[in-house]
Amino acid sequence: MDVLTEGVELSHADLALLSELAKGVTVDRVGRRLDISGRTVRRRLRGICDRIGVATAIEAVAWAARRQLI
């Protein structure tokens, strides 16, 4: 099931990725925890940023936190 906020749809996997980053976990470690490569994490993160209209991972984490998604 996906979460729809302000016309933007984020999957639970997207929110899990942002949640791990919010905890200060590195991209490579996030990949290991989610059983995907660091490169895949970066690619998914870029997609998340594009969908929500922010430029950086930090902004994406802040965006999700402000909306109490993570």
Side-chain angles (χ1 to χ4, degrees):
M1 186 171 181
D2 293 341
V3 176
L4 186 62
T5 301
E6 298 175 15
V8 177
E9 215 171 296
L10 294 179
S11 69
H12 289 289
D14 293 338
L15 295 175
L17 189 152
L18 291 174
S19 178
E20 289 296 314
L21 291 173
K23 295 174 191 171
V25 178
T26 65
V27 168
D28 290 328
R29 188 160 294 186
V30 170
R32 286 194 294 273
R33 287 184 181 183
L34 300 178
D35 200 29
I36 56 178
S37 73
R39 185 175 180 176
T40 300
V41 171
R42 288 179 189 87
R43 184 174 42 83
R44 284 181 48 195
L45 187 55
R46 182 73 257 147
I48 293 167
C49 288
D50 289 345
R51 275 184 274 149
I52 64 176
V54 298
T56 67
I58 293 169
E59 289 175 311
V61 168
W63 182 92
R66 279 193 304 270
R67 286 155 183 82
Q68 299 179 345
L69 299 173
I70 57 172

Do [X] and [Y] have side chains that approach each other closer than 4.5 Å (heavy atoms only, starting at C-beta)?
X     : Y     : answer
Glu9  : Arg51 : no
Asp28 : Arg42 : yes
Arg44 : Ile36 : yes
Leu18 : Trp63 : no
Leu45 : Leu21 : yes

Discussion item. My understanding is that only residues two or more places apart in sequence, or in another chain, count here; which of them pass side chain to side chain donor-acceptor pair (under 3.5 Å) with Thr26?
Written reply: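 Here no residue qualifies.
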
Worksheet item: Sub-3.5 Å donor-acceptor pair from the side chain of Asp14 to the main-chain atoms of Ser11, do we have one?
Response: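 Side chain of Asp14 to backbone of Ser11: a pair is present.
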
Item to complete: Keeping the roles fixed (side chain from Glu59, backbone from Thr56), state whether a donor-acceptor pair exists under 3.5 Å.
Response: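 Yes; at least one donor-acceptor contact below 3.5 Å.
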
Worksheet item: CZ of Arg39: more than 12 outside heavy atoms within 6.0 angstrom?
Response: no

Discussion item. Go through it in stages, so that I can follow the logic: the residues are Leu34 and Thr40, the test is side-chain contact (heavy atoms from CB on, under 4.5 Å), and I'd like the CA-CA distance, side-chain angles, deciding distance and then a yes or no.
Written reply: CA-CA 10 Å; Leu34 300 178; Thr40 300; over 6 Å; no

Worksheet item: Which heavy atom of Ala57 sits nearest a heavy atom of Cys49, and at what distance?
Response: N-SG, 4.1 Å

Worksheet, complete the sentence: Closest heavy-atom pair, Val54 versus Ala60, reported as atoms and distance to 0.1 Å, is CG2-N, 3.7 Å

Discussion item. Applying a strict under-4.5 Å side-chain criterion to I, L, V, M, F, W and Y, I'd like to know whether Leu69 and Ile58 cluster together.
Written reply: no

